[in-house]
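In what follows, a single structure is set out as structure tokens and then discussed.
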Protein chains: 2
Amino acid sequence: MKAELSPRQKGMLEFMREFMEEHQFPPTVRDIQAGCNISSTSVVDYNLRILQNRGYLRRFADVSRGIELLGSSRPGRDVVRVPIMGNIAAGEPLPIPGSDTWHSGEMETVDLPPFLTKGKEHVFALKVKGTSMIDALIADGDLVLLEPASRASGGEMVAARLHENNEVTLKHFFIENGMVRLQPANPLMDPIFVRADQVSVQGKVVGVVRSV
Amino acid sequence: MKAELSPRQKGMLEFMREFMEEHQFPPTVRDIQAGCNISSTSVVDYNLRILQNRGYLRRFADVSRGIELLGSSRPGRDVVRVPIMGNIAAGEPLPIPGSDTWHSGEMETVDLPPFLTKGKEHVFALKVKGTSMIDALIADGDLVLLEPASRASGGEMVAARLHENNEVTLKHFFIENGMVRLQPANPLMDPIFVRADQVSVQGKVVGVVRSV
DNA sequence: CAGCCTGGCGCACGTATGTTCTGTAAAAGA
DNA sequence: TCTTTTACAGAACATACGTGCGCCAGGCTG
């Protein structure tokens, strides 16, 4: 089977994407025919069939506009809605979501590409206030994405609360013979060592988003 | 006009949203009829008409599945497709897009929430290799979002090429009596001063995305 | 009560739309 | 050369689907 797409097939794909941008339903066979200057509906059907076999789309038999665009070039659709639970700042407790606080209704949210949350459930976002996270390569105004967790395995970036001064900090988490090592993401900075009962994990960091 | 929606109308709205999650085309009148246990298509049409008048949706006459859901609960839609033009690493030139290289066809892309690009045109992304951008609070593997530019005004974060060693670096850009000051985002680190003809701006940084 | 809304029902009509059948012509094998 | 495959054309067919019409049951109002 040939790997290349004919120019007509490429044109049809592009037209279908543009069409779905404008309306939010797929075009009919005759829409494609008119939009791509094709003289017969059977030609559209013919090429649609090919595009389907190559995995560019799926068709539903006997369903009007029954075309489902597949593959990488499908805009929209794959976004994950993540709630912004509040702020994170030095010296303040982390607003961890209880299962009760989980109405996404009327809470501020962001739509993010799924590669940032990678299937993790209950990911939430916090807005960073201040520069106290700078050793985690996180600046003022950044959005950190967290996954609720109370334990962590070696090397994961976590939001850790130090009982001593009740501060929350973002560090890489290691356990080394009974002690916890909190390693800043910036290799130029020194790690912190604390007793395991003097630190508690509040969540795992799954991503950071910065808008300048 | 009554403000409340009848339970049947709410059910129809919910059904339509669920339907569009599953497929990516709107349901027909008869789909809604079956999905909401309504005994006649005309009832569906009747309530659809009401929902349209209240601004919950738009309908296209004589078009199968010609229903366009409006309002806040429309996920997807607002995403910006940004091409990933390549890598950015210390000592390597920046792959700046020419207008010829602008076919989004067959190029790797990411869908991002629009607050990251904020209306800027031709934004593109580069994947950071290595830790050379660490003074800009950018880690290995981060995705930096750039807007093509050859000039910058005071304080903007730019991708600047130093002619001396032909390195590209991300810094805040300032002009101070004929000299250019490149200020790292990390306030603990010292700025670089160079002659204006010894540096060229390659683009403005508009955002950073990190997936851990 | 007659009128007149609202909300619902069933049906049938017409068109919008997917599908298929019959050809044609150029390219590709053999 | 003959055959096969690819790509397209045109038309007819079958059905998916929106829409309009008539009707009915309650709840008002005069």
Side-chain angles (χ1 to χ4, degrees), chain A residues 1-70, chain B residues 1-70:
Chain A
M1 181 198 286
K2 206 170 36 174
E4 276 298 317
L5 259 49
S6 81
R8 173 158 288 181
Q9 284 152 13
K10 289 192 182 191
M12 284 171 58
L13 273 181
E14 185 158 348
F15 172 79
M16 285 156 69
R17 294 195 194 109
E18 283 174 14
F19 191 98
M20 295 202 61
E21 288 288 325
E22 197 169 336
H23 322 76
Q24 62 236 61
F25 41 81
T28 68
V29 170
R30 283 169 179 81
D31 286 334
I32 302 173
Q33 180 192 5
C36 298
N37 278 70
I38 299 174
S39 59
S40 171
T41 61
S42 65
V43 177
V44 178
D45 182 74
Y46 172 74
N47 287 287
L48 241 28
R49 214 174 287 268
I50 294 175
L51 288 172
Q52 181 178 24
N53 287 336
R54 307 237 175 123
Y56 286 88
L57 48 85
R58 191 158 30 135
R59 295 180 77 192
F60 295 81
D62 299 320
V63 169
S64 71
R65 301 170 195 274
I67 296 176
E68 184 178 350
L69 255 27
L70 263 30
Chain B
M1 181 198 287
K2 207 171 34 179
E4 276 298 316
L5 261 49
S6 81
R8 175 159 285 183
Q9 285 153 11
K10 290 193 182 191
M12 285 171 58
L13 272 182
E14 185 158 348
F15 173 78
M16 285 156 71
R17 295 201 189 103
E18 283 175 15
F19 191 99
M20 295 203 62
E21 287 289 326
E22 196 170 339
H23 322 78
Q24 65 229 65
F25 41 80
T28 68
V29 171
R30 284 171 179 79
D31 286 333
I32 302 174
Q33 181 194 1
C36 298
N37 278 73
I38 298 174
S39 60
S40 173
T41 60
S42 62
V43 177
V44 177
D45 181 71
Y46 171 74
N47 288 287
L48 241 29
R49 216 174 284 270
I50 293 175
L51 288 172
Q52 180 177 27
N53 286 336
R54 307 235 176 128
Y56 286 90
L57 49 85
R58 193 162 22 140
R59 296 179 77 192
F60 296 80
D62 299 318
V63 170
S64 71
R65 300 171 194 274
I67 296 175
E68 184 180 346
L69 253 27
L70 264 26

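Here is the naming used below: chain letters follow the sequence lines, and residue numbers restart at 1 for every chain.
Applying the 3.5 Å distance criterion, the base of C:dG8 shares no donor-acceptor pair with the side chain of B:Ser40. Checked by distance alone, A:Ser42 brings no side-chain donor or acceptor within 3.5 Å of a matching partner on the base of C:dT19.
The environment of A:Glu14 atom CD is sparse: at most 12 non-hydrogen atoms of other residues, nucleotides or ligands sit within 6.0 angstrom.
The side-chain heavy atoms of B:Arg65 and A:Ser64, taken from C-beta on, include a pair separated by under 4.5 Å.
Remark: side-chain polar atoms of B:Gln9 are not paired, donor with acceptor, to backbone N or O of B:Leu51 under 3.5 angstrom. No side-chain donor-acceptor contact under 3.5 Å links A:Arg58 to the backbone of A:Glu68.
Within the 4.0 angstrom heavy-atom criterion, only backbone atoms of the sugar-phosphate kind lie near B:Asp62; the bases stay farther away. Across all strands, A:Ser39 comes closer than 4.0 Å only to sugar-phosphate atoms, never to a base (heavy-atom distances).
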- Apply the test side-chain hydrogen bond (donor to acceptor under 3.5 Å, both in side chains) to residues A:Asp31 and A:Thr28: give CA-CA distance (whole Å), side-chain angles for both, the deciding distance (0.1 Å), then the verdict. CA-CA 5 Å; A:Asp31 286 334; A:Thr28 68; 3.2 Å; yes
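In this structure, B:Gln33 atom CD and D:dA16 atom C1' are separated by 13 Å, rounded to whole Å. When rounded to the nearest whole Å, the span between CZ of B:Arg49 and P of C:dG8 equals 15 Å. We find that CG of B:Asp45 is positioned 18 Å from P of C:dA12, with the value rounded to whole Å. Nucleotide C:dC9 holds its P atom 12 Å from the OH atom of B:Tyr46, rounded to whole Å. We find that CD1 of A:Ile50 is positioned 11 Å from C1' of D:dT5, with the value rounded to whole Å. Rounded to a whole Å, the CG atom of A:Asp31 is 12 Å from the C1' atom of C:dG18. Taking atom CZ of B:Arg30 as the reference point, atom P of D:dT15 lies 14 Å away to the nearest angstrom. Here C:dG7 presents its P atom at 15 Å from CG of B:Leu48, a figure rounded to the nearest Å.
Listed pair A:Ser64 / D:dA16 fails the phosphate criterion, with no side-chain N or O lying under 4.0 Å from OP1 or OP2. For the OP1/OP2 pair of D:dC8 and a distance below 4.0 Å, the side-chain nitrogens and oxygens of A:Arg8 include at least one atom meeting the criterion. Close to C:dG8, at under 4.0 Å from its OP1 or OP2, lies a side-chain N or O of B:Asn47. An OP1 or OP2 oxygen of C:dT17 is reached within less than 4.0 angstrom by a side-chain nitrogen or oxygen of A:Arg65.
In the set C:dT17, D:dC17, C:dC9, C:dT17 carries the atom at the smallest distance from any side-chain atom of B:Val63.
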